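In what follows, a single structure is set out as structure tokens and then discussed.
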Amino acid sequence: MKTNPGGVHQIAAEEFDLRTAVGGPRGVLESIAPVLIFLAVFLPTHRVGLAAIAALVVASMLLAARLIARTPITQALGGFLGVVICALWAWYSGRAADYFVPGLWINALYAIAMLGSIAIGYPLIGLIDAMIRGDSNWRTGPYLPRYRWVTALWAAMFGLRLAVQWPLYATDNVAALGTARLIMGVPLMAATVFFSWLVLRRSHTNPREG
């Protein structure tokens, strides 16, 4: 459920940096560790509450590590709050698969937002790219068609997550659902950022070809 602002900023970078796109080793760890621990505790014990507590403990330790190291905590805090919501949801319902429900809803909302922004003529990736670059004329510039395509790519990423993970949730396949969440998390996001960067990079493309 965590997002990576650094990854989004890579869209407008002159050179692609995979490390930045995935949030660095610490960012990757913060993204996958709570899910891994939740699965590692729940699958052998089938105790939802215990698994939720374990995920919260790990997320708290990772956040504390940032505080001790005095590194920026904005991204980590967002991830921590996401884990809190997921853990409480699963704990309250007593169903392990519900740990992944908030992420499913967020993917659905992001997909709708991306498609809606294209429909009204303000593709969100274009808006983000323009804000990073300080370009106030992006909607009348030659890159607008590319912004539409890239925004559609992001909508497809979020939609693909839903298409794969929702049936697993509906059938209560926690192991497969958790595995899909991990595979379609950081790796898929990094690939989407990379292809977005390829389409939008200024130094090697002629926007009028798009």
Side-chain angles (χ1 to χ4, degrees), residues 1-32 62-63 65-67 69-83 85 102-103 105-162 184-210:
M1 205 164 84
K2 179 180 175 181
T3 58
N4 177 17
V8 174
H9 276 72
Q10 273 294 295
I11 293 173
E14 292 185 6
E15 299 291 338
F16 185 78
D17 184 352
L18 179 61
R19 181 186 178 94
T20 302
V22 300
R26 176 172 282 178
V28 173
L29 181 63
E30 290 168 348
S31 296
I32 68 174
L62 291 170
L63 181 61
R66 279 193 179 265
L67 290 171
R70 297 184 179 180
T71 57
I73 67 167
T74 303
Q75 180 182 339
L77 184 59
F80 173 76
L81 292 176
V83 174
I85 293 171
W105 278 108
I106 286 177
N107 279 292
L109 291 174
Y110 279 163
I112 292 171
M114 292 289 175
L115 293 175
S117 71
I118 296 173
I120 65 175
Y122 283 83
L124 275 176
I125 299 302
L127 179 60
I128 293 170
D129 187 63
M131 290 175 63
I132 295 171
R133 295 179 183 278
D135 180 7
S136 60
N137 300 313
W138 65 279
R139 291 188 66 247
T140 58
Y143 271 83
L144 185 59
R146 291 176 182 253
Y147 288 142
R148 294 194 190 102
W149 280 108
V150 173
T151 302
L153 173 65
W154 282 70
M157 179 194 71
F158 295 123
L160 179 61
R161 286 176 173 175
L162 280 174
M184 305 184 82
V186 173
L188 184 58
M189 175 66 76
T192 303
V193 172
F194 176 67
F195 283 111
S196 300
W197 174 81
L198 280 179
V199 173
L200 297 177
R201 58 180 175 166
R202 263 62 177 178
S203 56
H204 303 293
T205 59
N206 179 357
R208 298 190 183 281
E209 294 176 357

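Source: prediction; values computed, not measured.
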Practice task
Spell out, as yes or no, whether a donor-acceptor pair under 3.5 Å connects the side chain of Asp129 to the backbone of Ile125.
Solution key: no
Practice task
Quick one: closest heavy-atom pair of Pro145 and Pro142, and the distance?
Solution key: CD-O, 3.4 Å
Handout entry: 4.5 Å side-chain heavy-atom contact, Arg66 and Arg26
Key = yes
Completion exercise
Residues at least two apart in sequence or cross-chain that pass side chain to side chain donor-acceptor pair (under 3.5 Å) with Ser196, listed by chain then number, are Trp154
Practice task
Specify the closest pair of heavy atoms between Gly159 and Ala111, including all atoms of both residues, with the distance to one decimal.
Solution key: N-CB, 4.3 Å
Handout entry: Closest non-hydrogen atom pair between Val186 and Ser31, with its separation
Key = CG2-CB, 3.8 Å
Problem - Minimum heavy-atom distance between Ala113 and Leu124, given as atom pair plus value - result: O-CD1, 3.8 Å
Exercise for the section: Spell out, as yes or no, whether a donor-acceptor pair under 3.5 Å connects the side chain of Arg146 to the backbone of Leu200. Expected result: no
Exercise for the section: Report the residues that fulfil side chain to side chain contact (heavy atoms under 4.5 Å, CB included) with Phe194, sequence neighbours left out, ordered by chain and then residue number. Expected result: Phe16, Trp197, Leu198
Exercise for the section: Taking the side chain as every heavy atom from C-beta outward, state whether Ser117 and Thr151 have any pair of such atoms under 4.5 Å apart. Expected result: yes
Problem - Beyond-backbone contact of Leu63 with Phe80, side-chain heavy atoms, under 4.5 angstrom - result: yes
Exercise for the section: For the pair Arg139 (side chain) and Gly121 (backbone), establish whether a donor and an acceptor sit closer than 3.5 Å, ignoring hydrogens and angles. Expected result: yes
Problem - Output field: ring centroids Trp138/Tyr147 closer than 6.0 Å - result: yes
Problem - Exercise: identify the closest heavy-atom pair between Asp135 and Asn137 - result: OD1-N, 2.9 Å
Practice task
Name all residues meeting the side chain to side chain contact (heavy atoms under 4.5 Å, CB included) criterion together with Ala119; count only those two or more places apart in sequence or in a different chain, and write none if there are none.
Solution key: none
Exercise for the section: For residues Glu30 and Leu62, report the shortest heavy-atom separation together with the two atoms involved. Expected result: CA-CD1, 3.8 Å
Exercise for the section: Quick one: pull up CD1 in Ile118 and CZ in Arg148 and give me the separation to the nearest 0.5 Å. Expected result: 9.0 Å
Exercise for the section: Calculate, to the nearest 0.5 Å, the distance between atoms CG and OH belonging to Leu144 and Tyr122 respectively. Expected result: 10.5 Å
